[in-house]
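One structure coming up, written as structure tokens, with questions to follow.
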Amino acid sequence: MATATKSTTKTTKPKIASAKSAAEKPATKSAKKPTTTAPKTVKTVEKAEEKKKILFVASESTPFIATGGLAEVIGSLSTALAATGKFDVRVVIPLFSDIKKEYRDKFNYLGNLYVHLAWRNQYCGIFSYEKDGVTYYFIDNEFYFKRPGCYGYYDDGERFAFFSKSVLEIMPFLNFYPDVMHCHDWQAALAAIYLKTNYCFRPEYQFIRALFTIHNIEYQGQYSLDLLGDLFDIYGTYQYLVEYNNSINLMKGAIECCERFSTVSPRYAQEIKDPYFAHGLDPIIRKNEFKLTGILNGIDDIGYNCELDSHMFANYTPKDFSNKAVCKRELQKMLGLPQKSETPIIALISRLVSHKGLDLVTNVIEDLLQDDVQVVILGTGDAHFEGFFGDLAYRYSDKMSANIQFNGDLARKIYSGADIFLMPSKSEPCGLSQMIACRYGTVPIVRETGGLYDSIKPLENGYTFSNYNAHDMLYVIREAVSAYKNKAEWAKLMYRAATTDFSWSHSAKDYEALYYDMLK
């Protein structure tokens, strides 16, 4: 049985590892006296620059398991960084039982060790898999992870505390100490906290830089203070790091401990300084804003490709959208809508929850359905919205289709067959759907917030509205529907949308610059 070795460096005064390295004194050299002997020829051998080591710590990643945009970011960004040839990129996630069997059967068992978490001593198995230049590690513990889904359990705090502690413990086992440990969302926040507290005295951990990325500030990992030691293995010396509003706040602790933290769009980085967007964390954001940066997410431009996507009824290209009419006709047939080529289809693919702007939609959708349009909705969420749209589709069966389900295949068919894509979010850290819609030549209408503001520009690749107002949204929708009738101009807008570069290449360069800046 393989076990991890631990260093036990003693100290008399606990302290947090400093985010800044000590300034080095310039070295002085004495001048050599000139010599009459012939100078020796010195051969200089250029040494290839060593790859910087990056470790992503997250709760999910494509292609293995995904519940939302986080998984796509982890899978795509890690691959894009590895493709530069400058980084040794590795990813660690829990070994959830829902991970696709086609991959589980190919995982390599590396060994196991035991992880101490307060009074617990838990088994930790380590599996690996390599794909597209990235090494993935999977933390195995059936007590915590052999359950349906990823989240929503009463002991999520303990589950992800174990996961975060395991990330630090497997480093000696793997003999892999990253230059940058990149942690994502509250589920991985404790990895950054442990690195700068419980592990900061171990020499091999002292030069690891921590980057924490906020994908959605609404979910912060908040718990009662009486769980601090018993559950999270954090004691009085470090309580101030995670304590906020008389409770434990793991996201707050990660922001305080990391060298840098980021969000998934530049606009969102500015918005979370405001109480309206920050869900109570704005004082901490403003206090640490000198460490904050915003980098817009990308999408997998190979996976979302209207020329190659096998889910589509027919493929087309940005230079020839003629087969988009086929996709539209077949989508109408599949959903039981009248096959009208001149009637625009307005699509909404979303979680059916209020912050996605669905209260705006419910306020004016019956007015919209009086126009010559068809509306297609796909998603699951709050029972209120599911019931509302289901009833509306029953009453307007010739103009609306409500599909209360999570269906990736149908989503691709809607992206490719619709004409207009609606995304009126109240807040949106980044958003991927508007980018995906663009890739299929489906023109997005978005509210100017977060990543929607950064990615969609009026009349360049879509339509926007700024006020969170239902009738402002309705006005812009009708403006787009009117423009749809001008086929020549609409085709140009479709082309500009479909050729907008949303690949990870730009974002990967921004992260590359951020990593190097952290390592100065």
Side-chain angles (χ1 to χ4, degrees), residues 68 311-313 324-426 428 431-434 436-437 440-447 463 465 468-482 484:
H311 296 276
M312 296 165 59
F313 289 113
K324 191 169 174 66
V326 177
C327 294
K328 179 176 181 175
R329 183 175 64 249
E330 293 299 319
L331 178 65
Q332 289 170 325
K333 186 189 297 185
M334 176 188 231
L335 299 179
L337 295 171
Q339 295 170 47
K340 297 180 178 180
S341 61
E342 297 302 314
T343 299
I345 295 178
I346 302 170
L348 192 153
I349 301 174
S350 173
R351 283 186 296 121
L352 303 182
V353 292
S354 60
H355 82 266
K356 291 294 185 179
L358 295 187
D359 52 337
L360 302 187
V361 178
T362 56
N363 276 331
V364 297
I365 190 168
E366 291 201 66
D367 292 338
L368 177 62
L369 289 171
Q370 306 309 311
D371 300 342
D372 182 23
V373 299
Q374 293 177 344
V375 176
V376 174
I377 291 178
L378 174 64
T380 60
D382 293 348
H384 162 68
F385 292 119
E386 290 184 355
F388 177 88
F389 290 124
D391 174 68
L392 203 63
Y394 176 77
R395 291 191 286 118
Y396 291 87
S397 58
D398 61 333
K399 305 197 81 171
M400 181 172 172
S401 172
N403 305 275
I404 310 302
Q405 56 182 289
F406 181 85
N407 188 324
D409 176 74
L410 180 56
R412 302 291 186 105
K413 288 177 168 58
I414 294 173
Y415 280 125
S416 57
D419 301 294
I420 295 168
F421 187 83
L422 181 60
M423 199 167 177
S425 303
K426 182 181 290 185
E428 195 67 58
L432 301 178
S433 296
Q434 80 282 9
I436 298 169
Y440 291 87
T442 300
V443 176
I445 297 174
V446 305
R447 194 176 87 81
Y463 289 83
F465 63 100
Y468 192 70
N469 180 282
H471 287 88
D472 282 7
M473 178 189 73
L474 180 61
Y475 177 85
V476 174
I477 293 173
R478 285 176 167 163
E479 186 180 21
V481 170
S482 177
Y484 174 77

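All heavy atoms count here, side chains included; hydrogens, waters and symmetry mates do not.
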### Message
Nearest 0.5 Å, please: how far is OG in Ser350 from NE2 in His355?
### Response
7.5 Å
### Query
Would you say the side chain of Ile477 lies within less than 4.5 Å of the side chain of Val364, judging by non-hydrogen atoms?
no
### Stepwise side chain to side chain contact (heavy atoms under 4.5 Å, CB included) check, Val326 with Met312
CA-CA 10 Å; Val326 177; Met312 296 165 59; over 6 Å; no
### Message
Return the CG to CG distance between Leu410 and Asn403, rounded to the nearest 0.5 Å.
### Response
5.0 Å
#### Entry: Pair Ser354-Asp359, side chain to side chain donor-acceptor pair (under 3.5 Å): steps then yes or no
CA-CA 6 Å; Ser354 60; Asp359 52 337; over 6 Å; no
### Under 3.5 Å donor-acceptor, Arg447 side chain and Lys426 backbone
yes
### Query
With side chains defined as the heavy atoms from C-beta onward, is the minimum distance between Leu348 and Val375 less than 4.5 Å?
no
### Message
Show the nearest heavy-atom pair for residues Leu369 and Lys399, with the distance to one decimal.
### Response
O-NZ, 2.7 Å
#### Entry: Nearest-0.5 Å distance that lies between atom CD1 in Ile349 and atom CD1 in Ile436
8.0 Å
### side chain to side chain donor-acceptor pair (under 3.5 Å) against His311, all qualifying residues, sequence neighbours excluded
Asp409
#### Entry: Lys413 charged N/C atom sitting above Phe313 aromatic ring, 6.0 Å / 45°
yes
### Query
Are the side chain of Lys324 and the backbone N or O of Asp419 linked by a donor-acceptor pair below 3.5 Å?
no
### Message
Can you give me the closest heavy-atom contact between Tyr468 and Gly357, atom names plus distance?
### Response
OH-CA, 3.3 Å
### Query
So, the side chain of Thr362 versus the backbone of Leu358: is there a donor-acceptor pair under 3.5 Å, distance only?
yes
### Among Lys333, Gln332, Gln374, the one residue meeting side-chain contact (heavy atoms from CB on, under 4.5 Å) with Pro338
Gln374
### Query
Taking the side chain from Thr442 and the backbone from Tyr415, do they hold a donor-acceptor pair closer than 3.5 Å?
yes
### Summary
Heavy-atom closest pair (Leu378 atom, Gln405 atom, distance to 0.1 Å) is CD1-O, 3.4 Å
### Query
Do Arg351 and Phe406 come within less than 4.5 Å of each other through their side chains, counting heavy atoms only?
no
### Message
For Ile377 and Met400: C-alpha separation, side-chain torsions, deciding distance, then whether side chain to side chain contact (heavy atoms under 4.5 Å, CB included) applies.
### Response
CA-CA 8 Å; Ile377 291 178; Met400 181 172 172; 3.6 Å; yes
### Query
Rounded to the nearest 0.5 Å, how far apart are OG of Ser416 and CD of Glu330?
11.0 Å
### Task
Might you work through the side chain to side chain contact (heavy atoms under 4.5 Å, CB included) test for Asp472 and Leu360, ending with a clear yes or no?
CA-CA 10 Å; Asp472 282 7; Leu360 302 187; over 6 Å; no
#### Entry: side chain to side chain contact (heavy atoms under 4.5 Å, CB included) assessment of Glu342 paired with Asp372
CA-CA 9 Å; Glu342 297 302 314; Asp372 182 23; 5.7 Å; no
### Task
Taking all heavy atoms of Lys328 and all of Ser341, pick out the closest pair and write down the distance.
NZ-O, 3.0 Å
### Message
Any heavy-atom pair between the side chains of Val481 and Ile346 that's under 4.5 Å?
### Response
yes
### Message
Between Leu352 and Lys356, is there a side-chain heavy-atom distance shorter than 4.5 Å?
### Response
no
### Query
Okay, side chain of Asp382, backbone of Val353: is any donor-acceptor separation there less than 3.5 Å?
no
### Task
Kindly compute the distance separating CD1 (Ile345) from OH (Tyr484), expressed to the nearest 0.5 Å.
8.0 Å
#### Entry: Value rounded to 0.5 Å, distance of CD in Gln434 from OG in Ser425
8.0 Å
### Message
Ignoring hydrogens, what is the shortest heavy-atom contact between Pro424 and Val361? Give both atom names and the distance.
### Response
CG-CG2, 4.0 Å
### For the student: nearest non-hydrogen atoms of Tyr463 and Val476, plus distance
CB-CG1, 3.7 Å
### Query
What orientation do Phe389 and Phe385 show, parallel under 30°, tilted 30 to 60°, or perpendicular over 60°?
parallel
